[in-house]
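In what follows, chains are A, B, ... by sequence order, proteins preceding strands, each numbered from 1. Every value quoted in this text rests on a predicted model; they were computed, and no experiment measured them.
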Protein chains: 4
Amino acid sequence: VGRVQLDLNADLGEGFGHWSLGDDDALLDVVTSANVACGFHAGDPTIMRRVCQTAAARGVAIGAQVGYRDLAGFGRRPIAMDPDDLTADVLYQLGALRAFAAAAGTRVRYLKPHGALYNTVFHDCDQAGAVVAALSAYEEPIALLALPGSVIADQARAAGIAVVHEGFADRAYLADGTLVARSRPGAVLTDPAEIASRAVQMAVEHRVRAADGTELSLSVGSICVHGDTPDAVLIARTVAEALDRAGVTPHPFA
Amino acid sequence: VGRVQLDLNADLGEGFGHWSLGDDDALLDVVTSANVACGFHAGDPTIMRRVCQTAAARGVAIGAQVGYRDLAGFGRRPIAMDPDDLTADVLYQLGALRAFAAAAGTRVRYLKPHGALYNTVFHDCDQAGAVVAALSAYEEPIALLALPGSVIADQARAAGIAVVHEGFADRAYLADGTLVARSRPGAVLTDPAEIASRAVQMAVEHRVRAADGTELSLSVGSICVHGDTPDAVLIARTVAEALDRAGVTPHPFA
Amino acid sequence: VGRVQLDLNADLGEGFGHWSLGDDDALLDVVTSANVACGFHAGDPTIMRRVCQTAAARGVAIGAQVGYRDLAGFGRRPIAMDPDDLTADVLYQLGALRAFAAAAGTRVRYLKPHGALYNTVFHDCDQAGAVVAALSAYEEPIALLALPGSVIADQARAAGIAVVHEGFADRAYLADGTLVARSRPGAVLTDPAEIASRAVQMAVEHRVRAADGTELSLSVGSICVHGDTPDAVLIARTVAEALDRAGVTPHPFA
Amino acid sequence: VGRVQLDLNADLGEGFGHWSLGDDDALLDVVTSANVACGFHAGDPTIMRRVCQTAAARGVAIGAQVGYRDLAGFGRRPIAMDPDDLTADVLYQLGALRAFAAAAGTRVRYLKPHGALYNTVFHDCDQAGAVVAALSAYEEPIALLALPGSVIADQARAAGIAVVHEGFADRAYLADGTLVARSRPGAVLTDPAEIASRAVQMAVEHRVRAADGTELSLSVGSICVHGDTPDAVLIARTVAEALDRAGVTPHPFA
């Protein structure tokens, strides 16, 4: 049997000013897509510039990790904002990242909502529509990285935007295919071997076991590994190696 | 004698959230170039989007009014920052504005530093170099709007960037061609007729009278009128009409 | 019949940096309580200092107008934040304002939540509890200005905090005693005579007519007039004069 | 010979939101004074609350680590701001911290300027005067922690404010008693034994060796150890143990 290809993505560039978070350089050696924070919930221009340069040099695809304007809350607090304002906020972040991608000789290839925005656009039509409107207003077509079954995935497809489904190897799932909330026990897995095994299951068998034991069918174009846990780099490497042994070659989806 | 063309620019989009400043819509009927605040010292994504749409619809050229990251100080406080960080901050602002210009079917045509940054890059080689580096790293050539005789004008020209000199019809000049500091009495002129007469002098006779009476030679490609004074719209209209009577047609420089 | 006393409050100090909002000085001549914005959704240290000085000089009581950390949204966007973080945010704002009240020779006498926080603590137990926890942790007892029937009013009373009910002379009411949302037509009244007449009705007859015609019983210790509408000062003066003619003397409740 | 007492201070609470910096809890076991960041350059309300609670529980004195409003620059970039605005900014930070100290049953005992502000008030009369004005306007007398020979130390004494001189065990000195700029090689010492030995020299012999070999006389009431270096806790413990062996008992100065 021939080898298959699959994307491995991680949130990167999530420091701010004097504060760092995660090991961007080490992760850029493992992942094939970098969700670069764009300054509203994390990230600053200097960090964005550096991450884009390194990503471009290593052939890692650059995506816009866009979030609510909430540095104090790391974008993890839902904000009930006007959809038009949200469209403008997303477009602003997209453009800002584009400048650094272009300066590094490449471009922004996809968008992934972050934190509370990621969760909100799973079900909220207005906010999902606002993000899709930003993608439609952006100067060139780029893909959307989203959870299968999400409202935003449906809306984006309807708007002619390429949608790539992502799976979370290190997050517990509910039986309906959504993620267990971070605030709940067991929401975030930490054992590298278990995470790697789930990634292989997603990649090869197109399924994942939910927290209640249900077997979920899942067809994903990218697997997310988190960048901000203490063992993030070890986990990412373990996942990449397990995928390789299972005949899966990491490759950018966009 | 035939008519000549000259650009008229103003700072626009300088509100923030619930706070407004100046009458963007009225000024966009008068000026030919809009220096749009990019969110670091003033402006927010929703305002930037709206100003870009209106400017594009009226054929007004869009420029990036970039400043220090200092909303509380409106960008009027010099910040002794690292040049690399400044380059990244400027590139970020340029890219963010580009997204709105592109969404409105046009593009960012020039850059104008704002407030304390405008003053600093007149003489400070490091900060001037940082702004020029951002212009060089931007994905397409755009012009720089700068004071004649400024360090940044020299550096930009040396880097192959088009430089357009600007004159201030409503600011007092020192004998060396620099502006009287805003904090000094008489720094900002308020009489529409006097401002208009100075604009005509700059446009037609290529000179302006300094605060001490010296006649300065001055060849400018754009005249700046301020947007945030109480009589801003009246002044801008008076200037435009006086220029028209003197045979000068407002026209974007870029 | 003898005259009665009633408090008249307004939101003040709602500018930020270079941006102003409302005419603080003129309103401080009319109201008896100043809800001073504390820097999270509006207001900055320089403005807070100036408003406290003027309020103290004129015998106007100083209250803390606390809000979500959201300058871009003016505190009008609900943020689903952790209650412990909210308690800390409120305590921070209270302390900051205290410094300016103390420097002006007085102290903070009450707290009034602003914007989206005002609406949220009407019904949300967790966020209401978070604000009450901040009041309990504050170094001296101060009052809470709140809508009659709100969850926060009940929780505050249960915690031993003095609660003063407020009425809105310039806002439309629903039949259940809550305010018509700002986004709805007719939510904000603008006719000075009508607003003044409603204020007198509240003050003297202890009732107000809701948008659907229902007569609501309402016993209030303070009447709010808004400071950020174009006719704010005229409205406030009209209300104060009408109250005076009706035998009501404006007097701080705290 | 009897034992002497000396204060040991460190910058604490310098995280922001999701980002942490240093190990506040471990350092609060070693130092006797905590310079708590007040939210303008670092620190947020939740962190301030927690650090104040722990400091109070352990008998560590709480001081206000005040800085420029510059989260992106961590307060390390000089901002040429209006002295009145600076006074207001400092008073705001002092009051905010007071709320958390009071909630923890204690009070703010001193102020220490941070980063670029620390350096600026060494020589700049206007900015030094602005900080002293904030101390004078604060509701009770508190001490100032400052470099010997600084302009702010002189101005504070002239205003009747208690001044405590501090020495830096882990920073290189110039022959004039000022610190070598952080940007210069060798500015920050990292060897715990060397740092401890310098601390003992300062505490017992009242002198320190400058970078050029000069022996400086130095009488300090507090020694600063940094909290944000990788070995911060180890260094602080090594310093405390060396001081103890030399007959110096750590004790808050205020």
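For chain A, the option among B:A104, B:A99, B:A96 with the highest count of heavy-atom pairs below 4.5 Å is B:A96. Top candidate by heavy-atom pairs under 4.5 Å with chain A, chosen from B:L86, B:L94, B:D85, is B:D85.
At a heavy-atom cut-off of under 4.5 Å, chain A is reached by B:F40, B:D44, B:P45, B:T46, B:M48, B:R49 from residues 40-52 of chain B, listed in order of number.
The two atoms that bring B:A103 and A:A137 nearest to each other are CB-O, 3.6 Å, heavy atoms only.
For the atom pair A:Y92 OH and B:Q93 CD, the distance stands at 6.0 Å (nearest 0.5 Å).
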